[in-house]
Each structure stands twice: as C-alpha cells, then as structure tokens.
Amino acid sequence: MPADPPIRRIAHLDMDAFFASVELLRYPQLRGLPIVIGGGRRKVDEIIREKYSDRPLSEIPVEAFPLLKDYVGRGVITTATYPARQFGVGSAMGMMKAAKLAPDALVLPVDFDEVRKYSRQFKSIIREIAPVVEDRGVDEVYIDFTEVPGGQREGGRVLARLIQKAIQQQTGLTCSIGVAPNKLIAKMASEFNKPNGISIVYQDDVRTRIWPLPVRKINGIGPKAEVKLHKLHLLTVGDIAAQEREWLVDNFGKSYGAWMHDAAWGRDDRPVVTESEPVSMSRETTFDRDLHAVRDRAELGAIFTDLCRQVAGDLQRKGYVGKTIGIKLRYDDFRIATRDQTIDHFTDDPKTIRQVAGQCLKRVQLERRLRLLGVRVGKLEKAGAAVETAANEAPAPDGADTAEARPGTLDLF
DNA sequence: TCTGGGGTCCTGCCGCGT
DNA sequence: TCTGACGCGGCAGGACCC
C-alpha cells in the first residue's frame with residue numbers, strides 16, 4: 001500500500017520576550033515585575049554589579065535596579081516583559097515615551113553576548129530534533145517539519161511540543177510555535193498563542209483564522225503599506241483577498257500587488273533556507289547629542305575612524321572582503337542620506353575603508369547637524385574566494401584624487 | 001523628550017555599451 | 001553618422017524585518 005506523500009508542514013518558532021527572559025535567568029528576583037530591555041549605551045547593570053560585587057547576581061535587591069522614570073538619554077525599547085506590556089509599552093518605543101506609560105518599570109540594558117549564547121543554544125537544540133532550520137535573527141527560526149519523523153502527527157503539534165519542551169528543559173526559556181503549510185502562515189500562527197503556545201493552521205483555515213486579522217499582521221506589510229491600505233478601506237487580510245489581483249497590481253505595483261494578493265490567500269512557496277551568505281556588513285552609531293561637522297569635527301572624525309575600524313574588524317573576524325564602501329548619515333531632522341562607491345578590488349582593510357568612505361562623505365551636505373553616522377561594506381565575498389589585493393599595494397580608489405568637495409560639504413580628515 | 005542598530009530586498013534613475 | 005531600444009551595473013532612497 002503506497003503511503004500518502006507528506007503534507008508540507010512549516011513551523012515558525014519565536015522565543016518569548018527573548019532579551020528580557022535571558023536577563024531573568026540571571027536575575028530571577030525580578031520575575032513577574034515589569035521590565036523593559038534596551039536604551040543602548042548606558043551600562044546600568046555594571047553599576048549595580050560594582051556596588052554589589054560581594055553577592056551573587058540573584059541576591060542583588062530589587063530596589064537596586066534603575067527605574068524607567070530615572071532613565072536619561074536616547075534609545076528605544078528592545079523588548080518588554082509581559083507585565084510591562086500591560087502598561088502599553090513595547091518594542092521600538094522610545095524610552096522617554098515608555099517612561100510616561102510605565103515609570104516604575106525596571107530598565108536593563110541588552111547583554112548581547114549573553115543573548116547570542118542562548119540563541120546558539122536553542123537553535124542547536126532544535127537542529128538535533130529537526131535539521132532543516134532557517135535562521136531569522138537571534139530569537140526566531142523557521143523549521144521544515146515535512147520530512148521529520150513525527151512532523152506530520154497532529155499537523156505538527158507533537159513535534160512542536162517536543163521542541164518546546166526540550167528548549168525549556170535545557171535553557172529555562174519558553175517559546176511559541178506556529179505550524180502551517182508555509183512560512184507566511186506559520187509566522188502569523190506563532191503569534192496566536194503567545195507566550196509558550198502552539199498553534200496549528202491548515203490551508204483550509206485561512207478564511208476563518210487569517211482573513212479576520214488586520215492587514216499589518218502579514219509579514220511584509222509595514223506601516224506605510226498599512227496606511228495606504230486603510231485609505232483604500234482595506235482593513236483586514238480578508239479585505240485584501242476580496243480584491244482582484246489586477247486591482248492590487250494597479251494600486252501597489254506589479255511585484256508588491258501580486259505578492260499581496262498571494263499573501264492574503266495564504267499562498268507562499270518560499271523554501272526553508274538553511275544557509276545564506278551575508279550581503280553587507282555595517283556599523284552605525286547615534287550620538288549622545290547631535291554633532292556638527294565643523295564645530296565637532298574632531299569628535300566626528302574619531303567616531304568615523306572607529307566605525308571603519310569596527311566594520312573592518314567584523315569583516316576580518318567573519319572572513320569576508322567587500323568592494324562597495326558606503327556611508328549613512330541621519331540629520332537632526334531625521335532625514336537620511338547614503339552614499340557609496342565601488343572600488344576595483346575587495347578589501348577588509350580599515351585604512352582603505354576609511355579612505356573610500358571619506359570620499360563618500362565629501363559628496364553629502366554637512367551643514368545640518370548629524371545624529372547618526374554609519375559605515376557599510378557591501379558586495380561581499382568570502383575572503384579566500386575573492387582575488388585580494390594586498391592593502392599596501394592597493395591602487396587609489398576611483399576618483400580619490402579627482403572627487404571635489406561640493407559647496408557645503410566638508411572633509412573630515 | 002519622540003524615534004537603536006543591524007540587516008535584506010526592491011525600485012527608479014542614470015550612464016554606458018551594443 | 002545619427003538615433004533608438006535594450007540590458008546591465010552602479011547608485012540613492014525607501015520599506016520592511018528582528
């Protein structure tokens with residue numbers, strides 16, 4: 001008797017309040033309290049640790065932790081614990097706005113080393129159970145359940161439960177999993193039962209479970225598209241699905257309109273991709289105060305050099321070289337300008353990066369004050385694979401001698 | 001007192017070679 | 001020699017995601 005071919009079952013796994021949960025492993029005394037994670041450069045917890053160096057982290061009194069209302073500076077929230085979310089604070093919210101909503105919430109900075117450690121750990125636990133895993137950042141993955149033993153049982157619920165349990169037992173962290181016929185629906189499904197939930201969705205459930213959702217729930221419809229859809233009186237996924245494909249193409253363009261139509265009908269055949277190469281690497285920083293290219297020239301120049309060094313360091317550490325070098329500025333009015341230049345050889349050399357990025361900087365207006373500066377290297381190749389030119393014999397980049405600073409532009413060197 | 005940092009992908013425009 | 005079509009790569013900006 002021939003067995004039925006397996007049905008495509010794709011899981012999306014999302015760690016619950018990952019950054020905050022990782023902190024709670026170290027500070028269990030904060031469990032159940034409203035906490036926001038984020039804020040950037042201020043190492044609040046280092047101050048605490050210094051003051052209480054004589055005791056283990058888990059015995060530092062709750063009163064010692066800083067409150068949101070005492071927070072000073074720029075930055076946004078990376079994540080918030082569920083008790084904090086009750087106050088209406090959430091990811092990407094400015095710290096100052098959050099302080100108004102939840103002044104007594106605790107605030108902790110992100111510990112990226114710790115987060116990366118747990119990220120590697122939970123992914124390796126998953127791979128031992130189901131090997132086809134696609135990385136989607138530190139706290140989420142797609143998993144192809146289709147061919148995994150047990151992956152078809154109860155539509156994927158049995159395997160999802162097994163993974164959830166293994167992660168919790170070995171790390172102490174919880175996650176939410178959605179299992180569906182494709183990545184698009186799985187992603188939405190993983191949000192249905194947060195935290196620590198499992199949702200199983202079949203293609204036939206699209207009408208009842210996906211169509212009632214607001215358009216913004218589709219991964220790929222952001223704030224801009226949402227506004228435009230609302231103007232056209234399309235509020236739910238079902239509203240989009242009810243439109244003719246051609247009408248969507250007329251209103252949103254050939255590619256995006258057609259994609260939107262497929263998405264609303266729950267159609268998505270993207271595979272789970274287990275390996276990918278980076279396209280670019282960048283470093284950027286927002287200053288504590290807005291800086292002016294003339295008045296703060298020395299400070300800006302030092303930051304610029306540092307960013308170039310950091311990008312070069314990242315490239316070297318990860319074994320990549322690139323040939324498109326670019327800069328990014330954010331002015332005090334939040335407008336963004338980017339410039340880049342492709343040179344004729346691959347590099348990971350900080351001096352070369354700084355030189356070419358410096359040329360790019362000459363091509364932008366530097367009259368307004370700046371709040372952010374970034375350096376990017378793109379068109380990457382594996383360091384071994386690319387034909388490398390030794391840094392000391394690198395030819396001058398195109399236009400290095402001829403590029404003239406336009407009026408209103410400045411040279412930071 | 002708004003609004004981080006690290007990415008990917010797409011689009012429109014322009015110059016260039018054929 | 002001129003003109004236009006076309007493909008392609010580089011560049012700038014924008015939308016989106018975690």
Side-chain angles (χ1 to χ4, degrees), chain A residues 12-15 17-19 36-42 68-69 71-79 89-101 109-110 112 115-116 119 134-142 183-184 187 190-191 216-228 252-260 263 270 273 276-290 307 310-311 314 318 323-344 360 363-364 371-380 398-399:
Chain A
H12 179 259
L13 181 149
D14 197 11
M15 299 301 290
F18 190 48
F19 291 71
V36 301
I37 307 288
R41 297 169 294 279
R42 295 166 60 83
L68 198 43
K69 66 183 169 197
Y71 182 84
V72 186
R74 291 175 159 164
V76 294
I77 292 173
T78 301
T79 192
V89 304
S91 303
M93 182 179 286
M95 295 293 271
M96 293 304 154
K97 187 176 171 190
K100 278 185 181 165
L101 293 167
V110 181
F112 281 105
V115 162
R116 273 192 290 265
S119 180
E134 176 177 332
D135 230 304
R136 296 298 300 183
V138 282
D139 68 340
E140 46 179 280
V141 293
Y142 288 105
K183 296 207 281 194
L184 188 90
K187 167 84 180 164
S190 67
E191 274 193 51
R216 190 71 167 77
K217 291 290 177 188
I218 295 179
N219 189 235
I221 294 182
K224 302 285 176 178
E226 182 189 35
V227 166
K228 193 168 169 187
F252 291 91
K254 195 177 169 184
S255 157
Y256 196 50
W259 169 82
M260 209 183 263
R270 289 171 302 161
V273 179
S276 65
E277 290 291 333
V279 174
S280 67
M281 287 182 200
S282 65
R283 285 293 188 121
E284 60 185 55
T285 187
T286 297
F287 315 131
D288 291 325
R289 59 182 179 92
D290 297 342
L307 289 167
Q310 289 173 30
V311 178
D314 292 342
K318 295 173 185 172
K323 61 189 300 192
T324 298
I325 293 159
I327 54 138
K328 169 180 169 182
L329 314 173
R330 202 199 303 266
Y331 295 102
D332 57 358
D333 62 358
F334 269 78
R335 278 183 308 114
I336 291 170
T338 63
R339 293 291 182 274
D340 48 36
Q341 187 181 327
T342 301
I343 58 175
D344 60 7
C360 292
R363 290 153 50 204
V364 288
R371 70 178 283 133
L372 171 147
L373 180 60
V375 175
R376 192 178 74 96
V377 176
K379 287 235 164 31
L380 300 185
D398 289 345

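Quick note on labels: first sequence line is chain A, next is B, and so on, each numbered from 1.
Rounded to the nearest Å, the gap between the P atom of C:dC17 and that of B:dC2 is 26 Å. Here the separation of B:dG4 from C:dC16, taken at their C1' atoms, is 16 Å to the nearest Å. Taking atom C1' in both B:dG15 and C:dG4, one finds a spacing of 15 Å when rounded to whole Å.
The shortest distance between the side-chain N/O atoms of A:T342 and the OP1/OP2 oxygens of C:dG10 is not below 4.0 Å. For the OP1/OP2 pair of C:dC18 and a distance below 4.0 Å, the side-chain nitrogens and oxygens of A:K187 include at least one atom meeting the criterion. Side-chain nitrogen and oxygen atoms of A:R335 include none within less than 4.0 Å of the OP1 or OP2 phosphate oxygen of C:dG13. A close approach under 4.0 Å does not occur between any side-chain nitrogen or oxygen of A:T286 and OP1 or OP2 of B:dT3.
Residues A:F18 and A:V115 have side chains in contact (heavy-atom distance under 4.5 Å, counting atoms from C-beta outward). With contacts defined as side-chain heavy-atom distances shorter than 4.5 Å, the pair A:F19/A:V138 qualifies. No side-chain heavy atom of A:M95 sits less than 4.5 Å from a side-chain heavy atom of A:V76.
Atoms OG1 and NZ, from A:T338 and A:K328 in turn, are 9.0 Å apart once rounded to the nearest 0.5 Å.
Residue contacts for A:K228: at a heavy-atom cut-off of 4.0 Å it reaches no nucleic acid atom on any strand shown. Nucleic acid contact for A:R216: sugar-phosphate only, since backbone atoms but no base atoms lie under 4.0 Å from a heavy atom of the residue. As judged by a 4.0 angstrom heavy-atom cut-off over every strand, A:I218 is placed among residues touching the sugar-phosphate backbone only. At a threshold of 4.0 angstrom between heavy atoms, the contacts of A:A99 with the nucleic acid are absent. Residue A:K224 is in sugar-phosphate contact alone, with no base atom involved, counting any heavy-atom pair closer than 4.0 Å across all strands shown.
Rounded to whole Å, atom P of B:dT3 lies 15 Å from atom CG of A:L101. Separating the CG atom of A:L372 from the C1' atom of B:dC2 is a distance of 16 Å, rounded to the nearest angstrom. Atom pair A:I77:CD1 and C:dC18:C1' shows a separation of 16 Å (rounding to whole Å applied). Look at CG on A:D344: it is 15 Å from C1' on C:dG10, rounded to the nearest Å. Going from atom CZ of A:R339 over to atom P of C:dA12 covers 5 Å, rounded to whole Å. Rounding to whole angstrom units, OH of residue A:Y71 and P of B:dG4 are separated by 10 Å. The CD1-C1' distance, from A:I336 to C:dC11, rounds to 16 Å in whole Å. Distance A:F19 CZ to B:dG4 P: 16 Å, rounded to the nearest Å.
The side chain of A:F334 has B:dG4 as its nearest neighbour among B:dT1, B:dG4, C:dC17. The side chain of A:K100 lies closest to B:dT1, out of B:dT3, B:dT1, C:dC16. Residue A:K379 has its side chain nearest to C:dG10 when only C:dG10, C:dA12, C:dC18 are considered. Distance from the side chain of A:A337 is smallest for C:dG13 among the nucleotides C:dC18, C:dG13, C:dG10.
Counting all heavy atoms, side chain and backbone alike, A:Y256 lies closest to A:I221 at OH-CA, 3.7 Å.
With sequence neighbours left out, the side-chain hydrogen bond (donor to acceptor under 3.5 Å, both in side chains) criterion links A:R136 to A:E134. With sequence neighbours excluded, the residues satisfying side chain to side chain contact (heavy atoms under 4.5 Å, CB included) with A:A258 are A:R245, A:V249. For A:K97, the side chain to side chain contact (heavy atoms under 4.5 Å, CB included) partners two or more places apart in sequence, or in a different chain, are A:M93. A search for side chain to side chain contact (heavy atoms under 4.5 Å, CB included) contacts involving A:M281 returns A:P278, A:D314, A:L315, A:K318, A:Y320, A:L380, not counting sequence neighbours.
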Please write out the pairs of protein N or O atoms and N or O atoms of nucleotides 5-8 of chain C separated by less than 3.5 Å, giving the distance to one decimal.
none

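Shown here, B:dC2 is classed syn by the O4'-C1'-N9-C4 or O4'-C1'-N1-C2 angle, which is within 90° of 0.
Residue A:K323 is the one, among A:K323 and A:T338, whose nearest nucleotide of DNA chain C lies closer to the 5' end (criterion: closest heavy atom).
Checked by atom type and distance alone, the side chain of A:S282 never pairs as donor or acceptor with a backbone atom of A:V375 at under 3.5 Å.
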Handout entry: Intermediate values then yes/no, side-chain contact (heavy atoms from CB on, under 4.5 Å), A:V273 and A:Y142
Key = CA-CA 9 Å; A:V273 179; A:Y142 288 105; over 6 Å; no

Practice task
Take nucleotides 6-15 of chain B nucleotide by nucleotide from the 5' end and write B, S or -, depending on whether a protein heavy atom sits under 4.0 Å from the base, only from the sugar-phosphate, or from neither.
Solution key: SSSS-S----

